[in-house]
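Residue numbering restarts at 1 for every chain, and letters A, B, ... go by the order of the sequence lines.
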2 protein chains.
Amino acid sequence: MASFTQTKRLLRYRMGLIRLKKMGLEKVFSYTLGKEVGVSAELVRKDFSAFGIKGHRRGGYEVDDLLSSLEKIFGKDRIQNVIVVGMGNMGRALSMYKGFREHNMNVVAGFDIDPAKLNKKFHIPVYSMESLGEVIEAFNVSVAVLAVPEVAAQETANQLVSHGISGILNLAPVLLKTPDHVLVNNVNLMVELERLMYHSGVIQ
Amino acid sequence: MASFTQTKRLLRYRMGLIRLKKMGLEKVFSYTLGKEVGVSAELVRKDFSAFGIKGHRRGGYEVDDLLSSLEKIFGKDRIQNVIVVGMGNMGRALSMYKGFREHNMNVVAGFDIDPAKLNKKFHIPVYSMESLGEVIEAFNVSVAVLAVPEVAAQETANQLVSHGISGILNLAPVLLKTPDHVLVNNVNLMVELERLMYHSGVIQ
DNA sequence: TTTTTATTGTGAAATATATAACTATTTTTG
DNA sequence: CAAAAATAGTTATATATTTCACAATAAAAA
């Protein structure tokens, strides 16, 4: 199994390749792709090599080959269903994001505790938390985006886990306590912004 | 200077400490804080040690001491101004996020090329791209959140750089070409979601 | 007061990640 | 056809990061 860091690169190769393909490229060199996504050529080759993806000596890699290999690795041959929990600003923004489709993902539903949200017009159906189990089962969902306020995060995560969710993209700034079989990926935009400030020399 | 990885942890300690303080804690052990933010106790101690932050042998660390040290490191004694460029779903959501205030940051303005956006009621004033330079200067902004569509990202980044921005939080799924003195921090929610799927065993 | 205990602080070891250097192979050129 | 050049594939090296192990020390207990 790939490392978490490596997976990130592979997914970025995929995005870069899609762009390059749109520009008419049919084959690509490790150096070219590396430059496109910000990775050294050696690392590009190593990553592909690690997954048994072959190029042609002196001929580079075929874009379509690469894309279909990556598609297979990441299960992009079928559409992956996702739910968004918490229909605040961020949850709403995500539910409207068109990028999911391009990545063969589908946001099947949103959830919120606030009954006022349920009537509102969103791009996706929004349910109360009571329907969680039902929707998860109906759409065979195993991954959720958690976009609720900090205070509600742990309790909501518990509910997700109890209904069989095994992956949580956690946008709340807390460490979630979950069973071992549940994977949590934390993304904290405030932290990302703050460390950008620190390293860009803005501070002091 | 700290590494990029270390900075992330330090910022998370800060958030964890704020939570623990709210819960009434006055002193904290490396193990406790580590558990709160998901880091080993040794690493917590090493991180603090690297910044000259001292605890008491057998007595742990004083929460207020830690917080004020971290505040100093990250320039949290004054408010840091930020702009959001691109008032689409994500840009709008960010501009409304209350977390900025808690982190001593202030979103002073939003920008968009779409004139229709300029009239709309947002939580922050929204300007056309022509006002970029003016606002950046007026509010002494050096960091921007880039939330424009993929195709516009590079060109918009160029404009930011030309107006003196030195840090970009890039939410668009492209590698930006920027001068060396400009730091870019890429956050790609689709990639984060996809690798969650991969590693949580959803695929195959 | 002496001993025990808990915790910090840190040097050494282990692990993970990335780069550099080299080999093998294919294509192109003379 | 032989030589040169370009690029994948791979091994070795370097760097970065984390964990381990333990010494130092302060507090608590005996």
Side-chain angles (χ1 to χ4, degrees), chain A residues 1-13 16-17 20 25-70 73 175 185-186 191 195 198-199, chain B residues 1-13 16-17 20 25-67 69-70 73 175 183 185-186 191 195 198-199:
Chain A
M1 169 77 80
S3 76
F4 212 57
T5 349
Q6 191 177 39
T7 318
K8 195 172 199 165
R9 285 197 304 271
L10 288 166
L11 287 161
R12 288 194 158 150
Y13 298 151
L17 285 164
L20 293 172
L25 241 71
E26 289 179 1
K27 61 181 192 182
V28 70
F29 303 127
S30 56
Y31 173 78
T32 320
L33 182 56
K35 222 177 95 174
E36 179 69 23
V37 301
V39 173
S40 75
E42 299 88 337
L43 202 42
V44 172
R45 296 201 294 274
K46 267 205 163 165
D47 284 335
F48 288 154
S49 176
F51 279 82
I53 298 174
K54 300 276 179 195
H56 308 287
R57 305 244 175 181
R58 208 192 150 131
Y61 299 86
E62 280 170 52
V63 173
D64 282 335
D65 274 14
L66 286 177
L67 277 171
S68 70
S69 296
L70 290 169
I73 291 167
L175 182 77
N185 189 4
N186 297 293
V191 164
R195 71 174 174 159
Y198 178 80
H199 288 282
Chain B
M1 168 78 79
S3 78
F4 212 57
T5 349
Q6 191 177 40
T7 317
K8 196 173 198 163
R9 283 197 305 271
L10 288 166
L11 286 161
R12 289 193 157 149
Y13 298 152
L17 285 164
L20 293 172
L25 241 71
E26 289 181 2
K27 62 181 190 182
V28 69
F29 302 127
S30 56
Y31 173 79
T32 319
L33 182 55
K35 223 177 94 174
E36 179 70 22
V37 302
V39 172
S40 76
E42 298 90 337
L43 203 41
V44 171
R45 295 201 296 272
K46 273 219 157 144
D47 284 335
F48 287 154
S49 174
F51 279 83
I53 299 174
K54 301 275 180 197
H56 307 287
R57 306 246 174 181
R58 206 189 151 135
Y61 299 86
E62 279 170 53
V63 173
D64 282 335
D65 273 15
L66 285 176
L67 277 171
S69 296
L70 290 169
I73 291 167
L175 182 78
L183 185 65
N185 189 4
N186 297 293
V191 164
R195 70 173 176 158
Y198 178 80
H199 288 281

Over how many whole Å does the gap from [X] atom [atom1] to [N] atom [atom2] extend?
X	N	atom1	atom2	answer
Phe51(B)	dT10(C)	CZ	P	15 Å
Glu62(B)	dT7(C)	CD	P	16 Å
Gln6(A)	dT17(C)	CD	P	9 Å
Glu42(B)	dT10(C)	CD	C1'	12 Å
Arg9(A)	dT19(C)	CZ	C1'	12 Å
Phe29(A)	dT27(C)	CZ	C1'	11 Å
Asp47(A)	dG9(D)	CG	C1'	13 Å
Tyr31(A)	dT19(C)	OH	P	14 Å

Counting only side-chain N and O atoms of [X], is one of them less than 4.0 Å from OP1 or OP2 of [N]?
X	N	answer
Thr5(A)	dT17(C)	yes
Arg57(B)	dT5(C)	no
Ser49(A)	dG9(D)	no
Ser30(B)	dT8(C)	yes
Ser40(A)	dA18(C)	no

Mark yes or no for a side-chain to base donor-acceptor pair under 3.5 Å between Lys46(B) and dT19(D), with no hydrogen or angle criteria applied. yes
Looking for any heavy atom pair under 4.0 Å, which part of the strands does Tyr61(A) touch: base, sugar-phosphate only, or nothing? sugar-phosphate
Would you say the side chain of [Y] lies within less than 4.5 Å of the side chain of [X], judging by non-hydrogen atoms?
X	Y	answer
Arg12(A)	Val39(A)	no
Phe51(A)	Leu70(A)	no
Glu36(A)	Val28(A)	no

Both Leu43(B) and Gly59(B) contact DNA chain D. Which one's nearest nucleotide lies toward the 5' end? Leu43(B)
Does Arg58(B) or Lys54(A) map to a spot on DNA chain D nearer the 5' end, using the closest nucleotide for each? Lys54(A)
Quick check on DNA chain C: between Arg45(A) and Val28(B), whose nearest nucleotide comes earlier from the 5' end? Val28(B)
Quick check: on DNA chain C, is the nucleotide nearest His56(A) upstream (toward 5') of the one nearest Phe4(A), or the reverse? Name the residue that is more 5'. Phe4(A)
Hey, could you give me the OG/CZ distance between Ser3(B) and Arg9(B), rounded to the nearest 0.5 Å? 6.5 Å
Hey, could you give me the CZ/CZ distance between Phe29(A) and Arg45(A), rounded to the nearest 0.5 Å? 12.0 Å
